[in-house]
Amino acid sequence: MYASCGATTYAHKLFGIIPHSHKDTVDWTTLMNCFAHHGMLNTAINLFSEMRKEGVRVDDVTIIVLFEACARLGNVAVGVQAHGSMVKMGLGFTVKACNAVMDMYGKCGLMGEARQVFEEMKEKSVVSWTVILDGVVKWEGVGSGMVVFSEMPDKNEVAWTIMIAAHIGSGFTKEGFTLLSEMVLGSGFGLNKVTFCSILSACAQSGDVVMGRWVHVRVLKAMGREMDVKVGTALVDMYAKSGRIDTAFKVFEYMPQKNVVAWNAMLNGLGMHGRGKAVVDMFPKMMEEAKPDDLTLMAVLNACSHTGLVDQGCHYFYNLESVYGLTPKIEHYACMVDILGRAGRLEEAEMLIKKMPIPPNEVVFGSLLASCSVHGKFEQGEGILKELIQMDPLNTEYHILLSNMYALAGKRYKATCLRQVLKLRGIRKVPGMSCIHVGGQVHQFSSGDKMHPQTQEIYIKLDEMIQKLRSAGYVPNTTFQVFSGCDGGEVNADEMEEREQAVFSHSEKLAVCFGLISTRANASLYIFKNLRICQDCHSAIKIVSKIYNREIVIRDRNRFHCFRQGLCSCSDYW
DNA sequence: CTAGGGTTAG
């Protein structure tokens, strides 16, 4: 009774008082189980050794309880030893006991042993297959997992979920979704809270709102108004990261209960969309309902930095401990350095780094370098780059950033040299890519891309667009277009032309053109870029949004830019 | 006996 009530210590004491002769297998097992379920796995394992010493008979449930404990604790030594001696004793293993043994081996990474038990089993249940599948996927990869999965005589929803989560988790989003539709439409399985969450998280990552909506419909069908907090949060995050911040807010408002994580997701979303004011306004409301944590303050500071709310940001940062009871972490320092740096207060930012009680990392310096680049402080930038290269020698972004700074200052020779250094070392810049979801398909573009089946139409549209832009007063900004072959002298007309062409065929412009020709008039365009949007594209797309009367939402590496009627939601502060 | 979830700095 005490054991099942969770009074472990009392149960253990009482158990000690009873003479050993009066205790049977069930008593011992009950107590072991009790310890195992209260996180006291070592005590459970010790109890098992004691039990063996006393010569008490070991049954099916005892074996299962023991191996479950070893699996959870990752205690291979005890598990392997116990299994070995049990086999020597000639103990009979039921299917369930074998499953528990295999699970232990699998969780500890001993797939050879797990497979051996599996091969030797005369009878295998679906669970046996699922246990092996889980181990294979975790230790041998999704590909090997697929082989086991296809060999399974019948598949349960656990097996399907393992495969779907593994695909999505390894970046094979498309394959994951294919499996999902097979599971739901082909095999008639339902989805549960766990599957909803992992799928929505994948949709958020890839910005796939079509799939996200499909899941949302199923969530409503399955749970109705009784929305689960975690599923609700996953929905909020998915809509926010797909550029639908208003929908995210609606889902958030309808959530019956909200915890810190839900608030964090909402505040983060608003921050990414440049709604710093909304974040600052919502924060006090949040405090009435939930206690803010590290991530909340990061979201708030981040929002301040992206909106230029410098004083507000300082206020939150300096009150982290006194008001919010939080110890400042390196992440908070990084946000603060960013707030000061973006606002041009570079000396203060550098002072803050010098005064930090934690050693600064590459994020902190990276942020400072970016700010130096924006504010043209190349001497300071050079110094920071040296630090950064030591911390992260293979990173190309920092070199490019500094190179762009030189280019901006007219020091094209230095800019070119820096790129040469990268080239000589064989380090290549991560290519910029832009994606646009149209008609349930993802269309991807790189700079100067001619691979798309509708390339011709896209480039015709591009020419038309550039012409319209020019007559609206657009002047291409080729400052950052550095060619490795140039000698740093005057730019001649031919090269100017070449540079302009390079800027025109940036991936985000191609994606916009494709969006313009493949969607109905006035429809909003949603584009995702893996790097930060470039200066020239930013000013060009502002004008595009006006002359074509389109809302264009671009998610770049850092945040969202929502272009509408010639303006951007970032207010050009980025 | 099997899977197991939501927020995370530049």
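Here the structure is a predicted model, which is why all the values come from computation and not from measurement. By convention in this document, chain letters (A, B, ...) are assigned in the order of the sequence lines, proteins followed by strands, and residues within each chain are numbered from 1.
Looking at the side chain of A:Cys197, the nearest of the listed nucleotides B:dG5, B:dA3, B:dG10 is B:dG5. Of all nucleotides listed (B:dT7, B:dG4, B:dA9), B:dT7 comes nearest to the side chain of A:Ala265. The A:Ile162 side chain lies nearest to B:dA3 when the options are B:dG10, B:dA3, B:dT8. Side-chain proximity of A:Asn268 to B:dT8, B:dG10, B:dA3: nearest is B:dT8.
Between A:Arg342 atom CZ and B:dA9 atom P the separation is 13 Å, expressed in whole Å.
At a threshold of 4.0 angstrom between heavy atoms, the contacts of A:Val229 include nucleobase atoms, whether or not backbone atoms are also involved. As judged by a 4.0 angstrom heavy-atom cut-off over every strand, A:Lys107 is placed among residues touching the sugar-phosphate backbone only. Residue A:Glu157 is classed as having no contact, given no heavy-atom separation below 4.0 Å to the nucleic acid.
At a cut-off of 3.5 Å, with distance as the only test, a side-chain donor of A:Ser128 or A:Ser125 sits close to an acceptor on the other residue. Side-chain atoms of A:Asn302 and A:Asn268 include no donor-acceptor pair closer than 3.5 Å.
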Salt bridge (Lys or Arg N to Asp or Glu O under 4.0 Å) evaluation trace for A:Asp246 with A:Arg275: CA-CA 11 Å; A:Asp246 297 321; A:Arg275 312 255 180 114; 3.6 Å; yes

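The aromatic rings of A:Tyr316 and A:Phe283 lie perpendicular to each other, with more than 60° between the two planes, well past the 30° mark.
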